[in-house]
Structures are given as structure tokens and as C-alpha cells.
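These numbers come from a predicted model, not from an experiment.
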Amino acid sequence: MADVRTQLVTRVRGMLSEALGTTRTRLAAAEAELTASRERLARTRKAAAAVPARVGAARDRRLAEIDARHTARLAELARRAIPYRCAKSTRKSTNPSGSESTAATIASSV
């Protein structure tokens, strides 16, 4: 009877040892996966935090380009309009303030 009991104890210990080894392997794999997941989360959060600054810089750059383009276009239109206004306004005209002015005064005010 003692021989059967010893065999059972040995067999149970072997099974428990195998189960413990498998469990430790699974635990190590789970811990490694958890560490990798935490690192991915940290990288994702860092990238997400950088997005507003990057997008804001791109927006500011585009707005500056648009502003420069419109400023140049307005300057060109104003330059082209001054000779037209001077040629058309050879007679004296009245300003909104009520005083008279010549085409030269109009051109210099633009």
C-alpha cells in the first residue's frame, strides 16, 4: 500500500511541477506582453500629445502663405488701380470730409 501511495504522490508532484512550470511560462509571457503594451501606450500618448503642436504649426504656416499671397495680390491690384484712378480723375473731386482734392492727392492716399 505504501508503494502505491508513493507512486501516487510522485505522480501528483510531477503533475503539479509540470503545471507550475507551464504557469510560470505563461506568466512570464503575459508580463512581457504587458510591458510591451505599456510601452506602446506610452508611445501612442506621446505621439497624441505632439499632434496639436504639429497641426498648429502646419495651420500657422498655411495661414501665413495665404496671407502673403493675398497681400501680394492686393498690392498688385492697388498698383494697377492707381494709374487708372489718376487718369480718370483729372478734375477735382470732393473727399468725404468735404474738401477738394486732385488725382495726385487721391493717389498718395492709397
Side-chain angles (χ1 to χ4, degrees):
M1 187 84 143
D3 195 19
V4 174
R5 188 178 288 178
T6 304
Q7 287 177 354
L8 284 173
V9 168
T10 303
R11 186 170 174 202
V12 168
R13 282 184 181 168
M15 290 169 58
L16 287 174
S17 176
E18 186 179 326
L20 182 61
T22 303
T23 302
R24 284 183 178 160
T25 303
R26 286 182 180 176
L27 177 62
E31 287 174 342
E33 189 176 333
L34 176 63
T35 301
S37 295
R38 286 182 175 161
E39 290 171 357
R40 279 194 310 273
L41 178 61
R43 285 193 308 269
T44 302
R45 285 182 174 165
K46 185 178 178 181
V51 167
R54 187 176 68 241
V55 171
R59 181 197 63 232
D60 292 344
R61 187 183 72 251
R62 284 192 311 265
L63 287 174
E65 290 170 1
I66 290 168
D67 184 46
R69 191 172 57 239
H70 286 285
T71 300
R73 179 69 176 148
L74 285 172
E76 173 62 20
L77 290 173
R79 185 188 62 75
R80 289 172 41 192
I82 289 172
Y84 176 75
R85 287 178 68 185
C86 290
K88 211 162 182 189
S89 300
T90 56
R91 66 185 192 291
K92 294 196 176 217
S93 62
T94 305
N95 286 336
S97 64
S99 65
E100 290 185 357
S101 66
T102 62
T105 307
I106 293 170
S108 66
S109 68
V110 176

If you round to the nearest 0.5 Å, how far is [atom2] of [Y] from [atom1] of [X]?
X     : Y     : atom1 : atom2 : result
Leu27 : Thr22 : CG    : OG1   : 12.5 Å
Arg73 : Thr71 : CZ    : OG1   : 13.0 Å
Glu18 : Met15 : CD    : CE    : 8.0 Å

Distance-only donor-acceptor hits, side chain of residues 51-67, under 3.5 Å, sequence neighbours excluded:
none

Exercise. Under the 3.5 angstrom rule, does the side chain of Ser17 hit a backbone N or O of Arg13 as a donor-acceptor pair?
Worked result: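 No; judged by distance alone, with no hydrogens or angles, the pair does not exist.
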What side-chain donor-acceptor pairs closer than 3.5 Å can you find for residues 32-48, not counting sequence neighbours?
unit_1: Thr35; atom_1: OG1; unit_2: Glu31; atom_2: O; d: 3.0
unit_1: Ser37; atom_1: OG; unit_2: Glu33; atom_2: O; d: 2.9
unit_1: Ser37; atom_1: OG; unit_2: Arg40; atom_2: NH2; d: 3.1
unit_1: Thr44; atom_1: OG1; unit_2: Arg40; atom_2: O; d: 2.8

